[in-house]
Amino acid sequence: MSNVFDGDSPTNLAEYSVSELSGSIKRTVETAFDQVRVRGEISGYRGPHSSGHAYFALKDDRARIDAVIWKGTFSRLKFRPEEGMEVIATGKVTTFPGSSKYQIVIETLEPAGAGALMALIEERKRKLGAEGLFDAARKKRLPFMPGVIGVVTSPTGAVIRDILHRISDRFPVHVLVWPVKVQGDGSGEEVANAIRGFNALEPSGAIPRPDVLIVARGGGSLEDLWSFNDEIVVRAAADSAIPLISAVGHETDWTLIDYAADVRAPTPTGAAEMAVPVKAELEAQAAALAARLQGCMNRQMDQRRQSVRALMRALPSLDQLLALPRRRFDEAAIGLGRGLELNTINKRRGFERVAGHLRPDVLSNRIAERRQTLNERMARAERMVERLIDRSKARVDRAEAILASLPARLKTRTDRGRERLGNLSRHADTAVRHQLTRARAELSAQDRVLQSLSYKNVLKRGYAVIRDEDNRPVSQAAHLSAGMGIAIEFADGRVGAMTTEGGAPPAGVKKRSAKPAEPPKQGSLF
């Protein structure tokens, strides 16, 4: 800020640069509104930016203010912002000098009352229900007798003890517990990851895959159960391939995971009762069924025994059954000898007929015919071999001609490659020259910007820089004392000097205090 009086100016008001004025306004706003609570509706929210920060606006029926949540604060929020959600934001108001705008930097964010939470739940319920996540057709039946049960809950609460105790009393089975947070920051992600983790287990792996899952939590307020209304938890429950029982809160508590689960239990103890049957009842039922089965078998055997006895009385005796087969056997034995004699006579006659046709001249004619056929086949084979030899010679001749012309083809391709390489080399040289030209232009532009921002240009307008003995710039007279050596830097060089008086602060300048001072009153600028 320059306080030099200009004789040509019609007023003696101090002149401010734009940056100085913007910085003063920024300090004034941040001092006056360093901690505020604002109630409004979220508008223009599109999720976190790639940098991790979230930018949106808060509005009501008459005004609108820009808002920002920095990355570190966003990760600690208990509730995530959503478009159209009415919230109460706590933070400080600041300005953005680059565009003369002001905004609130949010440090905490909370819904504007239970009514807003219920409205948000209803809106989310309608959205997920429209996608079919709550349809009854998606729900799976629970296994009657599971071998392994997976439980997603806090490992330190009374819920897990009640579930284990109830399962042990009814039907002891293998129970796997996936410990998670059931409320607070990050609890929704942990519950969703636990459901997906159980589904990712292999049935034959080192850790057995559960046959049924129980997601459990004790009772609490709407805020305490809010993690089970998260969209990520609802989608994980709906996508679970393992049947899932929701046991969140007391019987009157309803969360969105209850709609997406395959079965809802009123309490965690009720979920354990749904998951396994009563072993004693099953044993009694099995014993009763075994007794009934044994009685049925005994009665069936008695009935079959009586039926067999009745059938035995109706059957004929053994002699009666074998009388007819014995007679047929005797008749066949009598005719066997006569049949052998007739068969021998018939065979002999057939042999004599065949022997009458066997003469030497017939055999000689057949041998001559076979020899002639063999000679004709050998002649055809020789002609085929000659044709194959001629074809092979023709292929060899064509191959020799191709090999003879190969050096000329290689030379032609080599010439073409050299010509193409020369063209590519010329193109590369041109591209390098163009790149160097652009780089020089950019370097010159950066140098001009650097020169324009240098403080030496300010020195050329008549200003000077005061430096202490350690060559550090001095911005206030209070930092100097009598007898100190100083250096005064002008535009054309430096000169040495020695202070003659103490560095008491000038009139109108107050010393710094722990509490931020209000900006000075300067006319109508503030």
Side-chain angles (χ1 to χ4, degrees), residues 30 33-59 64-96 98 101-114 116-121 123-124 127-128 152-157 178-198 200 215 217 220-237 239 248 255-257 260:
E30 290 180 351
F33 302 99
D34 60 338
Q35 192 72 13
V36 295
R37 284 172 59 86
V38 180
R39 183 187 185 113
E41 179 182 333
I42 294 178
S43 175
Y45 180 73
R46 298 295 182 268
H49 193 263
S50 59
S51 61
H53 312 313
Y55 300 95
F56 53 93
L58 297 176
K59 68 176 184 178
R64 170 191 175 98
I65 181 173
D66 291 337
V68 60
I69 304 177
W70 302 130
K71 179 180 179 181
T73 305
F74 190 84
S75 61
R76 298 192 301 269
L77 290 180
K78 186 176 181 180
F79 294 94
R80 292 293 184 264
E82 294 189 12
E83 179 69 19
M85 181 179 182
E86 187 175 5
V87 297
I88 298 175
T90 303
K92 67 177 181 178
V93 179
T94 182
T95 65
F96 185 63
K101 292 183 179 180
Y102 66 94
Q103 62 185 6
I104 178 172
V105 179
I106 297 176
E107 298 175 356
T108 60
L109 192 69
E110 57 188 80
L117 292 180
M118 295 303 299
L120 180 60
I121 291 177
E123 177 63 25
R124 190 173 294 172
K127 172 188 172 184
L128 298 178
V152 179
T153 187
S154 172
T156 59
W178 194 301
V180 297
K181 292 193 303 183
V182 294
Q183 73 179 62
D185 297 339
S187 57
E189 288 80 358
E190 290 190 14
V191 173
N193 292 334
I195 296 174
R196 295 193 182 98
F198 273 130
V215 179
R217 189 208 185 280
S221 63
L222 180 60
E223 290 78 6
D224 295 337
L225 304 179
W226 186 256
S227 299
F228 298 92
N229 292 313
D230 282 352
E231 185 173 341
I232 185 175
V233 175
V234 177
R235 292 188 182 278
D239 296 337
V248 179
T255 57
L256 294 183
I257 193 177

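In this text, all values refer to a predicted model and were calculated from it rather than measured experimentally. Numbering of residues begins at 1 and proceeds along the displayed sequence.
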Participant: Are Thr73 and Ile106 close enough that some pair of their side-chain heavy atoms sits under 4.5 Å apart?
Facilitator: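 They are not in contact (no side-chain heavy atoms under 4.5 Å apart), so the answer is no.
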Participant: So, taking the atom named NZ in Lys71 and the one named OG in Ser51, what distance separates them when rounded to the nearest 0.5 Å?
Facilitator: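 It is 8.0 Å, given to the nearest 0.5 Å.
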Participant: List the residues meeting ring pair (Phe, Tyr, Trp, His ring centres under 6.0 Å) with Phe74, not counting sequence neighbours, and say none if there are none.
Facilitator: none
Participant: Listed by chain and number, what are the salt bridge (Lys or Arg N to Asp or Glu O under 4.0 Å) partners of Asp239, not counting sequence neighbours?
Facilitator: Arg138
Participant: Using a cut-off of 6.0 Å, state whether more than 12 heavy atoms not belonging to Lys101 lie near its atom NZ.
Facilitator: no
Participant: Do Trp178 and Ile195 pass the side chain to side chain contact (heavy atoms under 4.5 Å, CB included) test, and can you show the C-alpha distance, the side-chain angles, and the key distance before you say yes or no?
Facilitator: CA-CA 9 Å; Trp178 194 301; Ile195 296 174; over 6 Å; no
Participant: So do Lys127 and Glu231 actually touch side chain to side chain, heavy atoms under 4.5 Å?
Facilitator: yes
Participant: How long is the straight-line distance from OG1 of Thr94 back to CD of Gln103, given to the nearest 0.5 Å?
Facilitator: 6.5 Å
Participant: Output the distance between atom NZ (Lys181) and atom CZ (Arg217), rounded to the nearest 0.5 Å.
Facilitator: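 Reported value, rounded in 0.5 Å steps: 12.5 Å.
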Participant: Using a 4.5 Å cut-off on heavy atoms from C-beta on, say whether the side chain of Ile232 contacts that of Arg196.
Facilitator: yes
Participant: Minimum heavy-atom separation for Gly188 to Asp230, with atom names?
Facilitator: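 The pair with the smallest heavy-atom distance is CA-OD2, 3.7 Å.
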Participant: State, yes or no, whether a side-chain contact exists between Gln183 and Leu225 at a heavy-atom distance under 4.5 Å.
Facilitator: no
Participant: What distance do Glu110 atom CD and Leu77 atom CG have between them, rounded to the nearest 0.5 Å?
Facilitator: 11.0 Å
Participant: Count the heavy atoms of every other residue, nucleotide or ligand shown that sit under 6.0 Å from CZ of Phe33, and state whether that count exceeds 12.
Facilitator: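 Not more than 12 within 6.0 Å, no.
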Participant: Under a plain distance cut-off of 3.5 Å, with no hydrogens placed, do Thr90 and Glu107 share a side-chain donor-acceptor pair?
Facilitator: no
Participant: Between Val191 and Ser227, is any pair of side-chain heavy atoms under 4.5 Å apart?
Facilitator: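 SC-SC contact between Val191 and Ser227 ruled out.
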Participant: Taking OH in Tyr102 as the centre, count heavy atoms belonging to other residues, nucleotides or ligands within less than 6.0 Å. Is the count above 12?
Facilitator: no
Participant: Would you give the length of the straight line joining atom CD1 of Ile65 to atom OG of Ser43, rounded to the nearest 0.5 angstrom?
Facilitator: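 It comes to 13.0 Å.
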Participant: Within a strict 4.5 Å, meaning less than it, do heavy atoms of the Phe228 and Val182 side chains meet?
Facilitator: yes
Participant: What verdict does the salt bridge (charged side-chain N to carboxylate O under 4.0 Å, His left out) test give for Glu86 and Arg39, after you've listed the backbone C-alpha separation in whole Å, the side-chain angles of each residue and the deciding distance to 0.1 Å?
Facilitator: CA-CA 7 Å; Glu86 187 175 5; Arg39 183 187 185 113; 3.0 Å; yes
Participant: Rounded to the nearest 0.5 Å, how far apart are CD of Glu41 and CG of Leu58?
Facilitator: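 Reported to 0.5 Å precision, the distance equals 9.5 Å.
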Participant: Ignoring hydrogens and angles, tell me if any N or O in the side chain of His49 forms a donor-acceptor pair with the backbone of Ala54 under 3.5 Å.
Facilitator: no
Participant: Counting distance only, does the side-chain N/O of Asn229 pair as donor-acceptor with the main-chain N or O of Leu256 below 3.5 Å?
Facilitator: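 Here the side-chain-to-backbone pair exists.
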Participant: Compare all side-chain heavy atoms of Phe96 with those of Asp66 and state whether any distance is below 4.5 angstrom.
Facilitator: no
Participant: For Glu190 and Val180, indicate whether the former's side chain and the latter's backbone hold a donor-acceptor pair under 3.5 Å.
Facilitator: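 The answer is no, because no donor-acceptor pair under 3.5 Å joins these two groups.
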